[in-house]
Asker: 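The structure under discussion is supplied below as structure tokens; questions concerning it will follow.
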Amino acid sequence: MVVVDRTGGGMSFQEKRAWVYAVIGLCVPVVYFAVIFVRAGGGDVTRTAYVVPMLVAIGGAVVLNIAAEVVAGIAAGREAGLKDERDRQIGRLGEYVGFYVMSVLALVPLGLAMGEAAHFWIAHTLYLAFVLAALASAVTKIVAYRRGL
């Protein structure tokens, strides 16, 4: 087991990553939905071309998170690779919460598909489920770091 010295009172690398993940997980979808609503121009939003912007948003979020991981890892130096048991427990808790949020929210697009709703709504409720699961995971980790586990 690796013990990380956090006597300096600062944030651990893993907590910083949770914050960055939350910010990216919030900002990218906000920009995406703004683009979609602007493209709709007050008309029928279901007729808006959303596939390419959604793929760009998903890919952009992945690339931003990878880039943030690399930059944070370089800035953190040796601390970037260190995890103690608390980090592992908090990471596991965050992933469990994200999994359960996704599992429950995935029922909405499933129901829409069964009801033969427009692809637009199915795709967007599924995207929103992924976004909310990621945010729930990140927020759970942040709260666990701030309040203790």
Asker: Check whether Asp87 reaches the backbone of Asp84 with its side chain - one donor and one acceptor, N or O, closer than 3.5 Å.
Answerer: yes
Asker: Does some side-chain heavy atom of Val131 sit less than 4.5 Å from a side-chain heavy atom of Pro29?
Answerer: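 Pro29 vs Val131: side chains touch.
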Asker: Does Ile24 belong to the same Ile/Leu/Val/Met/Phe/Trp/Tyr cluster as Ile58, with side-chain heavy atoms less than 4.5 Å apart forming each link?
Answerer: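 Both belong to a single hydrophobic cluster.
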Asker: Show your reasoning for whether side chain to side chain contact (heavy atoms under 4.5 Å, CB included) applies to Lys141 and Arg146.
Answerer: CA-CA 9 Å; Lys141 291 174 187 178; Arg146 294 281 110 193; over 6 Å; no
Asker: Dump the intermediate steps for salt bridge (charged side-chain N to carboxylate O under 4.0 Å, His left out) on Arg92 and Glu95, then the final yes or no.
Answerer: CA-CA 5 Å; Arg92 207 171 10 254; Glu95 296 309 312; over 6 Å; no
Asker: Which residues, ordered by chain and number, are linked to Val38 in its hydrophobic cluster, where ILVMFWY side chains connect at heavy-atom gaps below 4.5 Å, directly or through other members?
Answerer: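 Grouped by the 4.5 Å side-chain rule, Val38 forms a cluster of one, so the answer is none.
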Asker: Applying ring pair (Phe, Tyr, Trp, His ring centres under 6.0 Å), can you list everything that pairs with Tyr50, at least two apart in sequence or on another chain?
Answerer: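 Applying ring pair (Phe, Tyr, Trp, His ring centres under 6.0 Å) to Tyr50 gives Phe120, His124.
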Asker: Applying the 4.5 Å side-chain criterion to the ILVMFWY set and letting contacts propagate, would Val63 and Leu55 be lumped into a single cluster?
Answerer: no
Asker: Mind checking what makes side-chain contact (heavy atoms from CB on, under 4.5 Å) contact with Phe99, not counting sequence neighbours?
Answerer: Ser103
Asker: Testing the basics here: between Gly98 and Ser137, what is the closest heavy-atom pair and its distance to 0.1 Å?
Answerer: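 That closest heavy-atom pairing would be CA-CB, 4.1 Å.
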Asker: Sequence neighbours left out, what pairs pass salt bridge (charged side-chain N to carboxylate O under 4.0 Å, His left out) with at least one residue falling in residues 116-128?
Answerer: none
Asker: Working to the nearest 0.5 Å, report the span between CD of Gln89 and CZ of Arg86.
Answerer: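 That separation rounds to 9.5 Å.
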Asker: For salt bridge (charged side-chain N to carboxylate O under 4.0 Å, His left out), just list the numbers for Arg17 and Glu69, CA-CA rounded to whole Å, side-chain angles, deciding distance to a tenth of an Å, and then say yes or no.
Answerer: CA-CA 7 Å; Arg17 283 297 299 130; Glu69 179 83 22; 2.5 Å; yes
Asker: Side chains of Leu105 and Leu128: closer than 4.5 Å at any heavy-atom pair?
Answerer: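 They are not in contact (no side-chain heavy atoms under 4.5 Å apart), so the answer is no.
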Asker: Considering all heavy atoms of both residues, which atom of Ile122 and which atom of Ala113 are nearest to each other, and what is their separation?
Answerer: CD1-CA, 3.6 Å
Asker: By the rule that ILVMFWY residues connect when side-chain heavy atoms come within less than 4.5 angstrom, directly or transitively, which residues belong alongside Leu126?
Answerer: Met102, Phe130
Asker: Among the clusters formed by ILVMFWY side chains lying less than 4.5 Å apart, do Leu135 and Val143 turn up in the same one?
Answerer: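 Different hydrophobic clusters.
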Asker: Is a side-chain donor or acceptor of Thr140 paired with a backbone partner of Val97 at a separation under 3.5 angstrom?
Answerer: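 Checking the backbone N and O of Val97 against the side chain of Thr140, no donor-acceptor pair under 3.5 Å is found.
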Asker: Between CD1 of Ile90 and OG of Ser12, what distance do you get to the nearest 0.5 Å?
Answerer: 7.0 Å
Asker: Following the transitive rule for hydrophobic clusters with a side-chain heavy-atom cut-off under 4.5 Å over Ile, Leu, Val, Met, Phe, Trp and Tyr, establish whether Met54 and Val28 coincide in one cluster.
Answerer: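 Yes.
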Asker: From Arg88 CZ over to Leu93 CG, what is the distance, rounded to the nearest 0.5 angstrom?
Answerer: 15.5 Å
Asker: Measure across Gly73 and Phe13 and return the closest heavy-atom pair with its distance rounded to 0.1 Å.
Answerer: N-CE1, 3.7 Å
Asker: Do Tyr21 and Tyr127 belong to the same hydrophobic cluster, where Ile, Leu, Val, Met, Phe, Trp and Tyr are linked whenever their side-chain heavy atoms lie under 4.5 Å apart, directly or via other members?
Answerer: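 No, because Tyr21 and Tyr127 fall into different hydrophobic clusters, even though each may have its own neighbours under 4.5 Å.
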Asker: Walk me through whether Val45 and Trp121 qualify under side chain to side chain contact (heavy atoms under 4.5 Å, CB included).
Answerer: CA-CA 10 Å; Val45 72; Trp121 295 115; 3.8 Å; yes
Asker: Tell me, please, which residues at least two apart from Leu107 pass side-chain contact (heavy atoms from CB on, under 4.5 Å).
Answerer: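 side-chain contact (heavy atoms from CB on, under 4.5 Å) list for Leu107, sorted by chain: Leu110.
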